[in-house]
Amino acid sequence: MMRIIKAKSYQDLSRKAANIISAQVILKPNCVLGLATGSTPLGTYRQLVEWYRKDDIDFSKVTTFNLDEYVGLRPDDPQSYYSYMRQNLFDLTNLRPGSCHVPDGCAVDLAAACRDYDAAISEAGGIDLQLLGIGSNGHIAFNEPGAAFEKDTHIVSLRESTIAANSRFFPDGCVPRQAITMGIRLIMQARKILLIADGPGKRNALHRALYGPISAEIPASILQLHPDLTVICHVKEDD
Ligand code: GLP
C-alpha cells in the first residue's frame with residue numbers, strides 16, 4: 001500500500017516525517033529505525049531532537065542502522081555520514097552509541113563489513129521503519145540507476161552526477177568515488193518505508209519513481225511494490 005502525503009512546506013514535511021518516526025518509537029520503544037543522510041532529513045532530525053528535549057520522545061531502547069557511508073572516510077572524518085549522524089541526531093538524543101550503526105567505509109575487508117552489517121540487521125530483528133531520501137536521478141541510498149534489485153549491503157561506484165550533487169559537502173572537492181550501501185533487497189525488507197522528497201529538483205525523479213514503470217533505471221521505482229510505503233513530498237515549483 002502506498003500513501004502519498006503532500007506537505008505545504010519543507011517544515012511541514014519535516015514535522016510530518018518526525019511525527020511518523022515518533023509514533024513508531026511510541027508504539028514500539030525498542031524498534032529498529034533505518035536512517036538516511038543528505039539534506040532532506042535534516043529538518044526531520046531537528047524536529048525529533050526538539051521533541052526529545054521536551055521529553056516527548058525516548059530513544060533509549062531504539063536501535064538504528066544507516067543506509068550508507070563513503071568508502072575511505074574514517075568515522076571521525078567531518079564529511080563522513082557517521083559524523084553527520086552524530087551532529088544531527090545521535091549526540092543530541094539519548095540514543096545509545098552502541099545501538100547506532102553506520103556501515104564501516106574504512107574496513108580493511110569491505111566485503112566482510114558488508115556481510116557483518118547484514119548480519120547485525122537480522123540479529124536486531126530487521127528494520128521496522130526505514131527513512132529514505134531520493135536522489136535527483138532516482139537513486140535510493142547509494143543504489144544508482146542500473147543497480148540490481150536483489151542486493152543486500154554492498155560496495156558501489158558513484159555516478160558522476162551523484163559525485164557532483166554531493167560535492168557541495170566537500171569544500172576541498174575530494175568527493176569519495178565509492179560507497180558502502182544497503183542494497184535494494186535489504187531496503188525492501190523494512191516493514192515500513194517513509195520516503196521524503198523536497199524541492200522541484202526531485203519532482204521528476206519522484207514522479208517517475210511513483211508512477212512510472214518499475215525499472216532499474218529509476219531505483220526508487222521498486223518502492224511501488226513495497227507493502228507499506230508512505231511518501232511525504234514538497235516538490236511543487238511555486239512554493
Ligand atoms: C545521497 C544519499 C541518499 C540521499 C540523496 C539525496 O546520495 N546517499 O541517501 O537520499 O543523497 O540527498 P539530498 O537529501 O541531500 O537531496
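Atoms within each ligand, like the ligands themselves, are counted from 1 in listed order.
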### Query
Quick one: do the T153 and D118 side chains pair a donor with an acceptor below 3.5 Å?
yes

### Task
Compute whether any side-chain donor of one residue and acceptor of the other, for D77 and Y70, lie under 3.5 angstrom apart.
no

### Query
Taking heavy atoms and a distance under 4.0 Å, where does S39 meet ligand 1: side chain, backbone, both or neither?
both

### Task
Determine the interplanar angle of the F142 and Y81 rings, folded into 0 to 90°, and report it as parallel if under 30°, tilted if 30 to 60°, perpendicular if over 60°.
parallel

### Task
Considering the heavy atoms of N166, write down every atom of ligand 1 situated less than 4.0 Å from one of them.
1 (C), 7 (O)

### Message
Could you go through R86 and D91, starting from their C-alpha distance and side-chain angles, then the distance that decides it, and tell me whether this counts as salt bridge (Lys or Arg N to Asp or Glu O under 4.0 Å)?
### Response
CA-CA 5 Å; R86 284 190 61 181; D91 289 359; 3.0 Å; yes

### Query
Any chance the rings of F65 and H101 have centres within less than 6.0 Å?
yes

### Summary
atom 7 (O) of ligand 1 has as its nearest protein heavy atom H139 NE2, 2.9 Å

### Message
Check this for me: does any side-chain nitrogen of one of R177 and E160 sit under 4.0 Å from a carboxylate oxygen of the other?
### Response
yes

### Query
Stepwise, does the salt bridge (Lys or Arg N to Asp or Glu O under 4.0 Å) test hold for R46 with E50?
CA-CA 6 Å; R46 213 174 296 130; E50 195 182 313; over 6 Å; no

### Task
Examine ligand 1 and decide if any of its atoms is less than 4.0 Å from a heavy atom belonging to R168.
yes

#### Entry: Shortest protein contact, atom 16 (O) of ligand 1 (heavy atom only)
K202 NZ, 2.6 Å

### Query
Which of the numbered atoms in ligand 1 are below 4.0 angstrom from a heavy atom of G133?
10 (O)

### Query
N/O to N/O below 3.5 Å, does that happen between T37 and ligand 1?
no

### Summary
of all protein heavy atoms, closest to atom 8 (N) of ligand 1 is D68 OD2, 2.8 Å

### Task
Have a look at K192 and tell me which of Q24, H226, Q130 forms a side-chain hydrogen bond (donor to acceptor under 3.5 Å, both in side chains) with it.
Q24

### Query
Which residue owns the protein heavy atom closest to atom 3 (C) of ligand 1, what's the atom, and how far is it?
A141 O, 3.6 Å

### Task
Measure the distance from atom 2 (C) of ligand 1 to every protein heavy atom, then report the residue, atom name and distance (to 0.1 Å) of the closest one.
Y81 OH, 3.7 Å

### Message
Would T162 count as being in polar contact with ligand 1, using the rule that some N or O on each side must be under 3.5 angstrom apart?
### Response
no

### Query
Among all protein non-hydrogen atoms, which one is nearest to atom 6 (C) of ligand 1, and what is the separation to 0.1 Å?
I134 O, 3.6 Å

#### Entry: Protein contact to atom 14 (O) of ligand 1 [nearest heavy atom, distance to 0.1 Å]
T40 OG1, 2.4 Å

## Note on the structure
Only one of R185, R115, Q189 passes side-chain hydrogen bond (donor to acceptor under 3.5 Å, both in side chains) with D152, and that residue is R185

### Task
Provide, to 0.1 Å, the distance between atom 12 (O) of ligand 1 and the closest protein heavy atom, together with that atom's residue and name.
G38 CA, 3.9 Å

